[in-house]
Every structure is written in C-alpha cells, then in structure tokens.
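Just below is one structure, and these are the notes that go with it.
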Amino acid sequence: MAGTSVHHNLLLPQPQEHHHHTKGITSIEQQCISLLKNCKNIQEFKQFHCLILKLGLEYSSLCTGNLLSTCALSSWGSMDYACLIFQQIDGPDSFEFNTMIRGYIKDMNLDEAIMLYNQMLEMEIHPNNFTYPSILKGCAYLHRLEEGMQFHGHVFKYGVEDDVYVQNSLINMYGKCGKITQSCFVFEKMDEFDRNLATWSSIIAAHASDQMWSECLSLFQELTSQNCWRAEERVLVSVLSSCTNLGALDLGRSTHGFLIRNLSGLNVIVETSLLDMYLKCGSLVNALTILKRMKVKNQWSYSVMISGLAFHGYGTEALRVFSEMLEKGFEPDEVVYVGVLTACSQTGLLEKGLDFFKKMTADHKIKPTIQHYGCLVDLMSKAGKVKEAFDLIDNMPMEANDALWYSLLDACRVHQDLELGEQVAEKLLNLNSQTPNPYVILSNMYAKAKKWENVALTRREMGQKGLMKTPGFSIIQVKRKAYKFVSNDIMWAHCKELSDMLYQMEWQLKFEGYSPDTSEVLLDVDEDEKRERLSRHSQKLAIAFGLINTAQGSLIRIVRNMRMCKDCHNYTKYISFIFERRIIVRDRNRFHHFEDGNCSCKDYW
DNA sequence: AAGGCTCGCT
C-alpha cells in the first residue's frame, strides 16, 4: 500500500535535533508540505493530516496555507474537507482566504466564493492583487456582469488597479459578459509596456466573441508588429475563429502556415479551430487532411465536423461521424445535436431527424433550446410539412424568433403555400416592422402565382415604409482580390470580354441541352425579357468573370448573400461539366459543390 | 498564491 512507505518517510525527519529554518518554515514542515502535495486522493490526504495533528506539530500560517491550497486546489475535488480545515484556522489571513476563493472558483462555485469574500471584508482583512484574478475569472465564466462590476470598483478601493493580472482579468470578464467597450476601456488605460500575451489574448478573444472579427484581426496585426511577439496558440485560436466567420480562407491558410512554422505540435483546440476554419471557408479537402492528422479528438472536434459536413451537404457522412463519436464514448451535448439536426434537415432525412430529437430529450436529457426547434422547423418545412411546422411553432415552450419564421416562410415560398405564407409574413412583421424581407418573399410568392395586383400592393406597402429590397450579389476571389457582382448590374455590360464570354457560355449550354427556367423570374414581363433578366443574375456574371481570369481547370469560389435561384443552380451544374471546373458556392445557408454536372446538395436546398 | 483559446436555427 502506498500509504505505508509514505508514513515511513514522514517519520524520517524526526531524529533531527536541530531545526533548520528556511524562509520561516522548519524542515519538518517543509517535508510535510511536499508529502502532502504528492497525495493522490482525499483519503491519503486525510491520513496525513491526522498524522500531522497527532504529532502535535505547530505549523506556521504558511504551512496552513499550503495545506489548504493542496486540498482546495487538488483535482480530487475536496472543497468540503478544505472548508473543515479552514474553519479550524484561528484568524485566517488573506493568503488563506484567497486560496479558499480560488478553490471555489475552480469548482465554478461563485456564490460560495463571494460569501467568503464578504466574510473577508467583515473581518477587515484586505483583499489584494491575488484575490481579484480568481474571483473575476468566476464572474467571466458564469457571465455575472453585476458582480464583476462590483469587484471592478473594489479593485480601486483596495489599490490594485495597476496590477497586470487584475487588469487582464477585468478585460476578460467584460469580454465574456459581452461588454466589449468596457474591455477596451481597461485595455486602453493600461501602460503599453505592461501588456503581456494574456492581455492581448483577452482583448483579442473579447473582440472575436463579440462578432467584431475585422477589429480582432487588426488587433492581432498590431500585436504581431511588436517585437515582443512570440507564437501563442491561445491567441491564434481567436484569430482563426475570426477568419472562419469572415470566410477569409487566404488569411486562415496563412495563419495555419504560421502555426506550422512556429510551433512543433498543435494542441487539440488549435486543430479543431483549423478544422472549423477550413470547413466553413469551403475547403473540405484541407479539413479532411487536418482530421486525418489529428491524434487527439475531443467532443468539440466532433461537433465541428458534424455541423461542417452538414453545411457542405454531406448529411449522411455527418451522421456517421456522430455515431463514431458515440462509439468513442463522448457524451453528446446540445451543440452537437444542433449539428445532427442540421445534417438531417439539409439532407431531407425527416424521420431520422425527428428520431434524433426524441433521443436527445429522452436518452441524453437535453432540454431543447430554440435552436433545436429551429432545426426541427427547418427539417419539417424543407420536407414540405409546412402546416405541421407551423403547429410546432405554436406549441413550443418558448417564443419563436425571426430565424424560425424565416425558415418557415422560405419553405412556404418553395412549396407555394400562399395562405400560410401570408400568416407567417405577418408574424415576422409583428416582430420587426422595419424589415423589407417578409415583403420581398411574399411578393415573390404572389408573382409566382401570377397575382400581380398583390405584388403591386405588397411592393407599395413596402415603399411607403421607405424599405428597399436588398440586392442579390456574388463575390468571387481572384488573385487575393474580391470582385463583387450585383444582379442586373449594367456596369459590366460595357465590358466586351465579359459579354463575349457570357455569349459563348450560353451558346455551349444550349448545345448541351440547357434551357432557361424562367419560373422564378418575378416580374410581369414577357418571356424574352425574363430570359434576359435571368442571364444577368450575379452568380452567372461572377462565373463568367472567373472563367476568364483564372487558370484552366482551377477551382472557382463564390460567396453569395442570398439563396440561389433554381436556374442559377442548374446553369452552374452545366458549366461545371462543360468547362471542367469545380465550382464552390456558399449561399447564406450552406455550400454547394458543383462538379461534373452535379451538385453536392443533390438538388435539395 | 494569480490572468488569456475553439463549436449552434434564416
């Protein structure tokens, strides 16, 4: 038994007659401390503690502090026992209080930590620069802004506002509580030379989580321009997240290169961020390479993989990854289930999706959030069950948001359910009357049903509110430069090269059997005019530009602000076949991979 | 005796 040999060791220092004092601790105390720190579990620790008490050792406050910290901060979760020790201490000092607070924060027990903090003040023991970082960390984690602000006040009261650890913790706390302005305020007030990597990491992460991605990247540039910079995984994770959200594949690639050059190995969090970046920026090939090289995967890696595959239209593969995750013994959380349900809705697996929803609540005891209901509504709507989706929203335990209604409204449009569409549009306008989107979708539905009076009426109502339709556009990247094409933009009509290319494309398309599908042109004009308009959709212009300006056989990437129309989808399939190009289009919901005349969405989107 | 990182419905 491990205990026996340790007892033996503990008794060893006894024969020493003269006590060596080092830094105020006797050598026997020092030995006790080191033995205590090597304890593997609470039982072992208790045994030692009893033994020390039996030996009748008088220990100094430093020793008590160490005893406490060993217990309170151990990984074997023994705050109860630490409490017992703490209560026996006659007049605990700030060191001991800080240790206990840190122990509670480690267990995410902010309320107990705050109680102890108040007790500290009552006993007129001043908190110090070691008190605030830990307690602010607790506020950050649990998004407790009110308490965090209170501590910010105390930081001044107890004169530790210039401590860099305290300042970093404040930046982090405000960032996590969504108060980016306050984070910046603390950051700006800091001495430039005091700022360290944790400072930068906190402020950069704060911007990333507040969706200020471009600002996040400029801060990172500011950091790299300083000489003190060194490779830091933690910072780069936030940078990668910003690249992901901006769809900045090039910058993401550079960051990946930087990581490879500067670090010998990558941890699982960085690898997961890279995985997410490549997936969301549309490079499935790079994502799969990362995945193959990953030695360690955690729940988040699977989560990213599942939603990423779903985003690319590989629903079945996403579900296969999910079952692998379960086999490996990872407990699915609510986020993973959002990915799983998305995979089902993107692929049209209605029954499976409903099954997963049941499993989630019954087997895994996860309370569905509005996001889960969102997926479910999308799942049913896309499968044509619009009435059922409407009933589901009515019977949900929470209020519906606009995302949910939009999902249903778009399905009403696709499945031409005018009556329900009108109801849904009204719901949306009740939520926010100053948005053009419900009017636009509704008028498009009227147009498709050839109810031109209603079209005019809807458009007029929209105009009276001063609302404008957001124009559809497509962005194509050529040699690291972005070119934006807006539908029916006449600016490009003067470009001979482009109109020649469009003419050539059209000619070859017709030869291969393509005929324009004018059913989604939503104006009361004749067939020729419809065809004319169709041919000037932004995606077609962007593709023509891409065919002219990129090397033969190379990949074409397009990002759009809207869902593509049926005809553009069909047209792009033909182009991928005729010009032997892979074309990847990201619309507002997902990726479409066009290759050899087919699309990864299998025409379900 | 202390502080910093990644995933989710239109």
Side-chain angles (χ1 to χ4, degrees), chain A residues 62 65-66 68-69 72-73 93-103 105 128-137 140 160 163-173 175-176 196-206 208-209 232-242 244 267-277 279-280 298-308 310-311 333-342 345 368-379 381 400-411 428 437 441 562-563 587-590:
Chain A
L62 200 58
N66 273 297
L68 254 185
S69 68
L73 304 175
D93 60 12
S94 58
F95 182 3
E96 285 143 1
F97 267 111
N98 287 346
T99 309
M100 285 300 287
I101 289 173
R102 201 147 64 92
I105 297 298
N128 56 22
N129 53 338
F130 292 105
T131 316
Y132 294 103
S134 50
I135 205 154
L136 284 169
K137 184 180 176 179
V160 291
D163 185 279
V164 61
Y165 279 85
V166 174
Q167 290 166 321
N168 290 349
S169 310
L170 282 168
I171 294 172
N172 183 41
M173 182 275 292
K176 289 283 183 308
N196 56 24
L197 265 175
T199 318
W200 284 98
S201 172
S202 302
I203 196 75
I204 286 173
S209 60
E232 246 296 315
E233 288 175 321
R234 282 177 191 242
V235 181
L236 287 163
V237 165
S238 300
V239 171
L240 279 171
S241 161
S242 296
T244 306
N267 70 23
V268 61
I269 298 177
V270 183
E271 284 180 321
T272 304
S273 305
L274 281 168
L275 192 61
D276 193 35
M277 185 273 292
L279 282 168
K280 299 260 172 64
N298 61 18
Q299 198 200 25
W300 280 45
S301 323
Y302 281 106
S303 192
V304 160
M305 203 58 208
I306 291 165
S307 60
F311 205 42
D333 66 359
E334 55 188 67
V335 179
V336 174
Y337 264 110
V338 171
V340 171
L341 293 173
T342 310
S345 78
T369 64
I370 189 130
Q371 277 105 327
H372 296 115
Y373 280 107
C375 295
L376 218 51
V377 167
D378 200 44
L379 179 73
S381 310
N401 59 15
D402 59 342
L404 247 142
W405 289 120
Y406 273 120
S407 164
L408 183 53
L409 183 56
D410 202 51
L428 272 163
N437 300 332
I441 301 173
M562 288 178 180
R563 187 181 183 279
D587 69 13
R588 46 180 313 134
N589 306 325
R590 56 170 296 156

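Residue numbers begin at 1 in each chain, while the letters A, B, ... track the order of the sequences. Heavy atoms only: backbone and side chains are in, while hydrogens, waters and symmetry mates are out. Predicted, not measured: the structure shown is a model, and the values here were computed from it.
Nearest nucleotide to the Ile269(A) side chain, out of dG4(B), dC5(B), dG8(B): dC5(B). In this structure, the nucleotide among dG4(B), dA2(B), dG8(B) sitting nearest to the side chain of Phe130(A) is dA2(B). When distances run from any side-chain atom of Asn401(A) to the nucleotides dC9(B), dC5(B), dT10(B), the shortest one goes to dC9(B). Here the side chain of Phe95(A) is nearest to one of dG4(B), dC7(B), dA1(B), namely dA1(B). In the set dC9(B), dT10(B), dA2(B), dA2(B) carries the atom at the smallest distance from any side-chain atom of Pro133(A). For Val335(A), the side-chain atoms get nearest to dC7(B) when compared with the rest of dC7(B), dT6(B), dC5(B). Distance from the side chain of Ser202(A) is smallest to dG4(B) among dG8(B), dT6(B), dG4(B). If you check dT10(B), dG8(B), dC5(B) against the side chain of Ser201(A), the one that comes closest is dC5(B). Of the candidates dG4(B), dC9(B), dT10(B), dC9(B) carries the atom nearest the Cys375(A) side chain, counting heavy atoms from C-beta on.
Taking every heavy atom of both residues into account, Leu404(A) and Ile370(A) meet most closely at CD1-CG1, 3.6 Å. A pairwise comparison of heavy atoms in Ile306(A) and Gly339(A) identifies CG2-C, 3.7 Å as the closest pair.
In this structure, a donor-acceptor pair under 3.5 Å is present between the side chains of Asn298(A) and Ser301(A). No donor-acceptor contact under 3.5 angstrom links the side chains of Asn172(A) and Ser169(A), judged on distance only.
Asp410(A) is linked by a salt bridge (Lys or Arg N to Asp or Glu O under 4.0 Å) to Arg413(A), Arg563(A), counting only residues two or more places apart in sequence or in another chain. Residues that satisfy the side-chain contact (heavy atoms from CB on, under 4.5 Å) test with Ser94(A), not counting sequence neighbours, are Met120(A), Ile125(A), Asn128(A).
Rounded to an integer number of Å, the gap from CZ of Arg588(A) to P of dT10(B) is 9 Å. Taking atom CZ on Arg590(A) and atom P on dG8(B), their separation rounds to 17 Å, with Å as the unit. Between Phe311(A) atom CZ and dC9(B) atom C1' there is a gap of 12 Å when expressed in whole angstrom units. Computed from coordinates, the Glu334(A) CD to dC7(B) P distance equals 14 Å when rounded to whole Å. Atom CG in Leu236(A) sits roughly 13 Å away from atom C1' in dG4(B) (whole-Å rounding). Between Lys176(A) atom NZ and dG4(B) atom C1' the separation is 7 Å, expressed in whole Å. One atom, CD1 of Ile135(A), and another, P of dA2(B), lie 15 Å apart when rounded to the nearest Å. For Leu240(A) and dG4(B), the CG to P distance is 20 Å, given to the nearest whole Å.
The residue Asn196(A) sits close to a base: some heavy atom pair falls under 4.0 Å. Using a 4.0 Å heavy-atom criterion, one finds that Thr272(A) contacts the bases of the nucleic acid, with or without backbone contacts as well. Val304(A) comes within 4.0 angstrom of the backbone, heavy atoms only, and of no base. Contact annotation for Asn98(A): base contact, defined as any heavy-atom pair under 4.0 Å involving a base atom. Within the nucleic acid shown, Asp163(A) comes within 4.0 Å of at least one base atom, counting heavy atoms only. Within the 4.0 angstrom heavy-atom criterion, only backbone atoms of the sugar-phosphate kind lie near Ser169(A); the bases stay farther away. Asp333(A) comes within contact range of no nucleotide atom at all, as no heavy-atom separation falls under 4.0 Å.
The ring of Trp300(A) lies on top of the base of dT6(B), close enough and flat enough: under 5.5 Å between centres, under 30° between planes.
At dA1(B), none of the side-chain N or O atoms of Asn129(A) fall inside 4.0 Å of OP1 or OP2 (strictly under the cut-off). The phosphate of dC7(B) has OP1 or OP2 within less than 4.0 Å of a side-chain N or O from Ser241(A). Taking side-chain N and O atoms only, Arg102(A) has a distance below 4.0 Å to OP1 or OP2 of dA2(B). A sub-4.0 Å separation between OP1 or OP2 of dT6(B) and a side-chain N or O of Lys280(A) is absent.
Checked options Val237(A), Leu236(A), Val235(A); the residue passing with Ser201(A) is Val235(A) (criterion: side-chain contact (heavy atoms from CB on, under 4.5 Å)).
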